[in-house]
Structure formats: C-alpha cells, structure tokens
Amino acid sequence: MSYRAGIIGTGGIAGMGILGMHDTEAIGNEKIRASHAGGYDATTDIELVAVADIDEENLTTFGDAWDIPEGRRYLGHEEMLAEEDLDVVSICTPSLLHHDHVADAVRSYASPDVVWCEKPIASSVTDAEAMIDACEETETELVVNHSFRFTTKLQKLHTLLQEENLLGDVHSVSTQFRMELLRNSTHLLDTLVYLLDARAEQVSGYVKGENEAIDSLDAKREVDDSAGGGFALLDDGTFATIDCTIPRDDSSMILQFIGSEGKLYMNNDDGEWRYWRLEDGEHVEEPLPGIEGAWTWDEDYRGAFANAARHIQSLLEGEESNASTGREALRSLEIIVGFYISHYTGGQVSVPLDRPLRDVEITSW
C-alpha cells in the first residue's frame with residue numbers, strides 16, 4: 001500500500017539543509033537526508049506528494065530539490081490541506097505556528113492519520129495541550145520529532161534503564177548542552193525524561209538572554225529563545241541539573257546519571273558513552289550491555305529521520321505504538337517554560353503549571 005505525505009514549511013529541517021550543519025553548496029540544491037523529506041524518501045511506501053509555504057522562492061527551491069510537481073507546490077498551507085488527500089502531514093514551521101498548523105491539518109479535507117511535528121511541540125503549554133486534544137478528538141497520531149528517540153542506541157539504553165534496571169534507582173543527573181533552551185535543549189530534556197520515564201514536579205531556572213542561533217541561522221527576527229538552565233526535581237525523585245548556557249564551539253551534549261546500582265556518562269557530541277557497575281561501594285567500569293560504540297551525530301542523528309519515517313509507516317499500518325507522543329513532548333516544554341517563569345519571578349515553579357502560567361509563550365524558530 002502506498003501512503004501520501006505533505007509538508008507544511010520548507011525550511012532546513014523539512015529538506016533544504018541547515019546553515020552550520022550542512023555545506024553551503026548543498027542547501028537547497030541537494031536531497032538532505034537528515035530531514036522530513038529525506039525520511040519519507042527512505043521508506044518503501046510513503047511518497048512526498050505536496051508541499052506548502054508562504055515564501056514563494058523557498059517553495060520553488062524546495063520543490064525543485066525534491067521533485068515536487070509544480071501543481072502540488074502550494075503558496076499557503078490552507079490550499080494544500082483543502083486540495084490534497086493525505087495520510088501524513090509534516091509540520092516544519094517555527095514552533096509558535098505549530099498549534100495552528102496541526103489544528104488546521106487534522107480538521108481539514110486532507111484528514112491525515114498521522115501528523116509528524118517538529119520539536120519543540122509548541123511555544124506554550126496551552127498550545128501544546130490544545131494540539132494534543134485536537135489530535136485525540138480526530139483520532140490522529142501526533143508524532144513529535146525528538147529525533148533521539150528514533151535511534152536504536154537510545155532505544156536500547158531506555159530498555160536497559162527501564163526494564164533491566166541497569167542503574168537501579170537514579171538519584172541525580174547532570175546535563176549540559178549548547179545555547180537556546182527551545183531550539184536545542186528540547187533534545188537534551190526529552191532525552192532526560194525519556195530515559196527516566198519521568199516528569200518534572202519542581203523547577204528553578206535562569207535565562208541568560210543570549211542567542212547564538214541568530215548568527216548561525218542568519219535569522220531576520222528576534223525571539224525569546226535563549227541560553228539558560230536550572231534544576232528540575234522529577235516525579236521519580238531524581239534531581240537533575242541542566243546547563244544550556246555554553247557557546248556552540250565549547251559545548252558537548254552530556255548527561256551523567258548516578259544511581260543506586262551504577263553510573264553512566266554520555267557525551268553525544270564526542271561519541272563517548274561509559275558505564276560503571278556499583279559493587280561493594282566501588283564503581284567497576286564495564287561495556288554497556290548490547291550497545292556497540294556510542295551515539296554520534298553523524299551516524300545516529302542523520303539516520304533518525306529515516307527511522308522516524310519508517311516508524312510512521314508502521315503507525316499507518318497499525319503495527320506499532322507511537323514512540324514520541326505529544327504528551328511525552330509536553331514534559332520537556334514544561335521544564336523550559338518553568339525556567340523562564342522562575343527566572344522572571346525569582347521563585348521555584350511547580351509542574352503541572354497552573355493557569356495562567358500555561359499561557360506563557362516562549363518564541364523560537
């Protein structure tokens with residue numbers, strides 16, 4: 001059976017390439033595999049048939065790069081959703097637009113069975129909850145593209161921690177990543193809550209006000225997204241520190257877990273994972289069971305989009321359960337919004353957020 005896909009938004013993550021991650025010559029000219037279009041292209045039965053954007057030049061560039069017929073390049077998502085019968089729709093627009101585009105997609109003629117939405121899920125908790133509700137009401141699967149969840153190494157590590165109790169009771173986690181809490185740190189925080197299968201109960205945060213993505217993206221407008229960090233007390237008792245204030249050239253994506261049965265060090269930028277079993281008060285280093293090597297950006301991240309698209313195909317065929325739901329994506333957003341509220345009020349913030357705190361919007365790209 002063949003499935004039909006459409007994309008709203010023709011930016012880098014949709015399939016054009018991202019400045020800083022790809023060669024300048026490749027952007028808009030090559031089929032970038034680490035993208036939504038690249039993911040669909042890697043499946044056996046999902047065909048990218050339509051694309052929409054409000055920027056006509058970008059729409060043309062994307063359409064030419066991915067061989068989309070001119071009649072299926074729509075200037076505005078409303079027309080595409082009114083004309084095309086689609087099985088899956090990708091939302092690759094800025095996060096502050098995710099709510100409207102997801103709601104429009106699931107209530108349109110296109111009537112997709114799956115929406116594949118870029119991370120972070122939204123710019124506010126209220127918008128994220130409304131997206132989740134709209135998808136549940138229309139019986140649409142909302143898959144949020146926290147890419148690490150679609151890598152086999154992280155899936156295996158999740159099994160080791162949750163089903164095989166590799167670290168026992170996790171007491172604390174220290175984490176570090178590069179700047180911008182929404183654009184980048186949503187990956188870090190989703191990895192944290194995914195591996196622990198936990199949700200924050202209390203957060204305290206700091207917002208630095210600095211944003212390096214303005215230069216790396218050649219951004220034309222200012223947003224709220226900023227370097228920052230803080231701590232989160234999770235509902236499983238874990239105390240987590242988060243430092244996302246580090247400049248890009250200096251940073252690494254690091255998580256270090258301390259548990260009652262051992263400790264784990266993960267450096268995803270440098271490709272180093274190390275595990276120590278706790279025995280009679282001594283930490284004994286051992287290989288991670290069933291995992292060869294460490295997670296790397298070049299191997300694992302670039303393959304995550306193909307894995308995610310294949311997962312979506314399995315969802316369409318009724319063979320798997322959603323591996324990255326909207327409700328799970330909400331966990332990382334709650335922490336980030338909590339950091340902002342904490343910084344500007346000078347106090348700690350409880351999760352779930354009370355109204356009107358759910359309405360606080362943090363703009364990003």
Residue pair His187, Phe148: steps toward the ring-ring contact (aromatic ring centres under 6.0 Å, His included) verdict: CA-CA 7 Å; His187 279 305; Phe148 293 15; 5.0 Å; yes
Pair Glu79 + Arg73: basic N to acidic O under 4.0 Å: no
Stepwise side-chain contact (heavy atoms from CB on, under 4.5 Å) check, Ser111 with Val106: CA-CA 5 Å; Ser111 187; Val106 301; over 6 Å; no
Candidate list Asp359, Val360, Leu353, test side-chain contact (heavy atoms from CB on, under 4.5 Å), partner Pro356, passing option: Asp359
Verdict with supporting geometry, Val143 and Phe150, side-chain contact (heavy atoms from CB on, under 4.5 Å): CA-CA 11 Å; Val143 178; Phe150 300 107; 3.9 Å; yes
Geometric class of the Tyr301/Trp297 ring pair [parallel <30°, tilted 30-60°, perpendicular >60°]: tilted
For Arg178, all residues meeting salt bridge (Lys or Arg N to Asp or Glu O under 4.0 Å), sequence neighbours excluded: Asp269
Residues Arg358 and Glu129 bridged, charged N to O under 4.0 Å: yes
Donor + acceptor pair across side chains of Thr93, His101 (<3.5 Å): yes
Val88 vs Glu141 side-chain heavy atoms within contact, under 4.5 Å: no
In one Ile/Leu/Val/Met/Phe/Trp/Tyr side-chain cluster, 4.5 Å: Val170, Ile291: yes
Step-by-step side chain to side chain donor-acceptor pair (under 3.5 Å) determination, Ser350 to Gln202: CA-CA 5 Å; Ser350 297; Gln202 199 82 14; 3.3 Å; yes
Residue pair His36 / Glu118, side-chain donor-acceptor N/O under 3.5 Å: yes
Leu157-Ile254 co-clustered via ILVMFWY side chain contacts under 4.5 Å: no
CG (Leu75) with more than 12 external heavy atoms under 6.0 Å: yes
Residues Glu285, Arg277: salt bridge by 4.0 Å N-O rule: no
Interatomic spacing from CG in Asp113 to CG in Leu316 - rounded to 0.5 Å: 6.0 Å
Salt bridge Arg331-Asp197, side-chain N to carboxylate O under 4.0 Å: yes
Donor-acceptor side-chain pairing of Tyr40 and Ser90 below 3.5 angstrom: yes
Approximate separation, where rounding is to 0.5 Å, of Asn307 CG and Arg302 CZ: 14.5 Å
Side chain to side chain, Thr238 and His171, heavy atoms closer than 4.5 Å: no
Donor + acceptor pair across side chains of Tyr74, Glu84 (<3.5 Å): yes
Hphob cluster co-occupancy, Val193 + Leu188, side-chain heavy atoms under 4.5 angstrom: yes
Pairs flagged by ring-ring contact (aromatic ring centres under 6.0 Å, His included) wherever residues 249-288 is involved - sequence neighbours left out: none
Donor-acceptor side-chain pairing of Ser364 and Asp225 below 3.5 angstrom: yes
Val125 with Leu234, same ILVMFWY side-chain cluster at under 4.5 Å: yes
Neighbour count >12 (heavy atoms, 6.0 Å) for atom CD, Glu164: yes
Side chains of Ser251 and Gln176 in contact at under 4.5 Å (non-hydrogen atoms): yes
Ion pair check, Asp190 and Arg149, cut-off under 4.0 Å: yes
SB check Arg248 Glu180 (cutoff 4.0 Å): yes
Chi angles and distances behind the side-chain contact (heavy atoms from CB on, under 4.5 Å) call for Cys135, Val102: CA-CA 8 Å; Cys135 289; Val102 168; 3.8 Å; yes
Verdict with supporting geometry, Thr363 and Asp224, side chain to side chain donor-acceptor pair (under 3.5 Å): CA-CA 5 Å; Thr363 57; Asp224 302 319; 3.0 Å; yes
Euclidean distance, Ile91 CD1 relative to Ile121 CD1, rounded to 0.5 Å: 11.5 Å
Side chains of Gln155 and Thr151 in contact at under 4.5 Å (non-hydrogen atoms): no
Glu319 CD: over 12 foreign heavy atoms closer than 6.0 Å: yes
Side chain to side chain donor-acceptor pair (under 3.5 Å) assessment of Ser124 paired with Thr126: CA-CA 5 Å; Ser124 73; Thr126 295; 4.9 Å; no
Donor-acceptor under 3.5 Å (Gln162 side chain, Leu195 main chain): yes
Exceeds 12 heavy-atom contacts within 6.0 angstrom, atom CG of Asp250: yes
Close side-chain approach of Met179 to Lys208, heavy-atom, < 4.5 Å: yes
Flag side-chain contact, heavy atom, 4.5 Å: Glu320 against His311: yes
Stepwise side chain to side chain donor-acceptor pair (under 3.5 Å) test for Asp104 and His77: CA-CA 9 Å; Asp104 288 349; His77 72 285; 2.8 Å; yes
Asp280 and Glu282, any side-chain heavy atoms less than 4.5 Å apart: no
Residue Asp169 excluded, over 12 heavy atoms near CG under 6.0 Å: no
Phe231/Phe239 under ring-ring contact (aromatic ring centres under 6.0 Å, His included): CA gap, chis, key distance, verdict: CA-CA 7 Å; Phe231 75 76; Phe239 183 85; 5.2 Å; yes
Exercise: do Gln313 and Thr44 side chains pair donor with acceptor under 3.5 Å: yes
Joint cluster assignment, Leu167 & Leu288, ILVMFWY side-chain distance < 4.5 Å: yes
Member of Thr175, Asn267, Thr191 meeting the side-chain contact (heavy atoms from CB on, under 4.5 Å) criterion with Met253: Thr191
Side-chain heavy-atom pair Leu196, Asp236 within 4.5 angstrom cut-off: yes
Distance-only side-chain donor-acceptor flag, Thr296 / Asp298, under 3.5 Å: no
